[in-house]
Amino acid sequence: MSENIFEQYLSDKSVFIDREILSAAYLPNKLLHRVEHVQHIASIIAPALKGHRPSNLLFLGQTGTGKTVAARYVGQQLTDLLGKSSSGKVEFIYVNCQTIDTHYGILYELSRHFFTQEEAAQGVAPPPTGWSLDRLYQTLLERMRASGKVVIVVLDEIDKFVAKSGDDALYTLVKMNEGDGAGSGPIHAAANLGQTSVGTIASGSGAQESKVAAESAPVEKAKAQPTARISIIGISNDLKFGEMLDPRVKSRLSDEKLVFSQYEAHELYDILAQRSPLAFQPGAMPDSVLRLCAAMEAHERGDARRAIDLLRVAGEVADREREKQVSEGHLQKARKRIELDCVAEAVRTLPTQSKLVLLGVILNEEVGNERLTTGEVYNTYRELCRKIGMMVLTQRRIGDLISELDMLGILNARVRSYGRGGRTKDISSGVPMGESKRLLLADELLQPLKDFKARRQSTLD
DNA sequence: CCTCCACCGGAACGTGAGGAGT
DNA sequence: ACTCCTCACGTTCCGGTGGAGG
């Protein structure tokens, strides 16, 4: 065996030319079916070119409806243009709040655009950790002012940020450009609402630019210092985001709201057809497969990202089967695989207690116990806990865990009444048994349960 | 129509971890 | 180092309930 085991893969022909085209990072040079959105956004942001602060924006819409790509696209266009005219008076910053979700983290991220590497080396620039929030905030604010730039910050998945750090944190961001003629009205009301942490920061900054937050003597114009001009574009796939926000944040953030709706089948098709020739070898991706892919996804959620993923995975399946062309069969297999991956991921990342509950259900079904009730699942769960020395939670709590698993689609549980038999949940597993059991037992803690058998319920006779 | 089972699910409370300010 | 606050996760308590069987 002198052949290298990887050689075959090297020499293998792939259906792909460039797989990256089908990744989330790829930004097409023309955005299909979002032309109006993009133009609207451009018209709102345009004042930045003249040094004015644009309104804040909120993009709402479910996943894969083009929110992020639209924002990035506009940012790209903007920086392209400024690159040519070399005026560089606008700073466009994209932050994904899924990875950066703390108050400090975001301010630090912004600061990185305003300090050079030398400054960071000299210790002048804010470090990734270590400073107090207040100091970081002040330093950044000063630098922003001095730069004279209009700063446009995209906060993708802004709901994650708010969930983690609270709307206070968001408030301080939105408030960075206070003193900017427009929208300086409601500060005083806000100051009253202000909670401790924001209170200190906000009033600190306010005092410095003599735009006092304390309700005494509001000085109307503080012209002496240049003000920071920040505009925030928030992106959320929670359509109700904003409603739950503190009113003072809400009123400032959602100057303009833009809703992205789901793509329809023909739109998805166009999007796929735009990328396909760049991503696949000529002839490797038949039109019929594109149409089917678009139709399948449109039927589910109209999520362009998923449709593109699906196409990529289908290509990978075809590659593995050494086919030169992607077929509808590959597409079906790809869909199954993606689905399975989702479930597997969900099961694997469950907390141990939930895993035990799920395992309890599966073990019961294995020995043929149908019609599981909360009580029965609880009994099995308790035995499992004892076996591995886990703390046994109360039935009340387990009831909640079962409901959570139901919401995740991992279990099916619905409340049912059996008359004198009582009112309880009717529980069954919603995932393939064998596969899930294997995943659960892969957890070290659950290893000792390998050979555990649930007791047969002595139900009806 | 009334009972009564085996839970459901809301509310209030306890606890420990972790972040932020002093 | 210390205090204060918030949050996630659980517990205890308890009124509520759909519907088969009397």
Side-chain angles (χ1 to χ4, degrees), chain A residues 97 99-109 111 126-140 159-173 175 191 193-207 213 244-246 249 349-358 360-361 364 369-382 384-386 389-408 411-428 445 455 457-461:
Chain A
C97 301
T99 43
I100 303 172
D101 58 1
T102 61
H103 196 174
Y104 193 101
I106 287 183
L107 290 178
Y108 170 70
E109 191 60 27
S111 79
T129 169
W131 281 14
S132 76
L133 256 183
D134 207 6
R135 182 176 173 199
L136 174 59
Y137 182 87
Q138 294 299 344
T139 312
L140 176 60
D159 42 330
K160 301 264 162 51
F161 172 49
V162 173
K164 173 91 185 271
S165 306
D167 37 15
D168 294 348
L170 186 53
Y171 181 61
T172 55
L173 283 181
K175 204 172 174 296
L193 286 169
Q195 267 120 13
T196 51
S197 58
V198 188
T200 45
I201 290 177
S203 61
S205 75
M244 60 178 189
L245 284 178
D246 190 309
V249 183
T349 55
L350 244 31
T352 310
Q353 293 288 359
S354 300
K355 280 184 179 168
L356 285 167
V357 174
L358 176 59
V361 174
N364 264 296
N369 292 332
E370 311 277 324
R371 211 200 90 170
L372 283 169
T373 67
T374 304
E376 285 155 12
V377 171
Y378 185 64
N379 284 336
T380 312
Y381 155 82
R382 207 164 42 192
L384 292 175
C385 279
R386 295 228 179 89
M390 277 295 280
M391 193 182 131
V392 182
L393 303 183
T394 55
Q395 184 161 336
R396 174 72 187 83
R397 178 69 188 132
I398 295 307
D400 281 345
L401 290 186
I402 290 172
S403 300
E404 277 171 30
L405 289 171
D406 178 37
M407 295 235 287
L408 288 172
L411 286 184
N412 299 311
R414 55 177 229 280
V415 189
R416 227 185 107 177
S417 176
Y418 293 101
R420 283 243 154 136
R423 185 165 172 267
T424 177
K425 285 198 180 93
D426 196 358
I427 303 160
S428 62
L445 282 169
R455 255 178 277 160
Q457 306 289 343
S458 51
T459 40
L460 36 86
D461 268 315

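Lettering follows sequence order; numbering is per chain, from 1. Quick caveat, the model's predicted, so the values are computed rather than measured.
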**Asked** Rounded to whole angstrom units, what separation is found between the OH atom of A/Y381 and the C1' atom of B/dC7?
**Response** 18 Å
**Message:** Under 4.0 Å, heavy atom to any atom of DNA chain B: which of residues 417-428 of chain A qualify?
**Reply:** A/G419, A/R420, A/G421, A/G422, A/R423, A/T424, A/K425
**Fill in**
A/N379 CG to B/dA6 P, in whole Å, measures 12 Å
**Prompt:** Does the side chain of A/N364 come within less than 4.5 Å of A/Y381's, by heavy atoms?
**Reply:** no
**Request:** Would you indicate what A/G375 reaches in the nucleic acid, counting non-hydrogen atoms under 4.0 angstrom: base, sugar-phosphate, or nothing?
**Result:** sugar-phosphate
**Prompt:** How many angstroms lie between CG in A/L136 and CD1 in A/I106, if you round to the nearest 0.5 Å?
**Reply:** 11.5 Å
**Item:** Member of A/V415, A/N379, A/T424 meeting the side chain to side chain contact (heavy atoms under 4.5 Å, CB included) criterion with A/T374
**Value:** A/T424
**Message:** Using five base pairs at each end to define the local axes, how bent is the helix from B/dC1-C/dG22 to B/dT22-C/dA1, to the nearest 10°?
**Reply:** 10°
**Asked** Are any of the side-chain heavy atoms of A/L356 and A/M390 separated by less than 4.5 Å?
**Response** yes
Run the side-chain donor-acceptor check on residues 393-402 of chain A: report pairs under 3.5 Å with partners two or more places apart or on a different chain.
| from | atom 1 | to | atom 2 | distance (Å) |
| --- | --- | --- | --- | --- |
| A/T394 | OG1 | A/R397 | N | 3.4 |
| A/R396 | NH1 | A/D400 | OD1 | 3.0 |
| A/R396 | NH1 | A/D400 | OD2 | 3.3 |

**Prompt:** With A/R420, which residues qualify under side-chain hydrogen bond (donor to acceptor under 3.5 Å, both in side chains), at least two apart?
**Reply:** none
**Request:** Sequence neighbours left out, what passes side-chain hydrogen bond (donor to acceptor under 3.5 Å, both in side chains) with A/R135? Give chain and number order.
**Result:** none
**Message:** How would you summarise protein contacts on nucleotides 7-15 of chain C per nucleotide, using B for base, S for sugar-phosphate only and - for none, with heavy-atom distances below 4.0 Å?
**Reply:** --SSSBB--
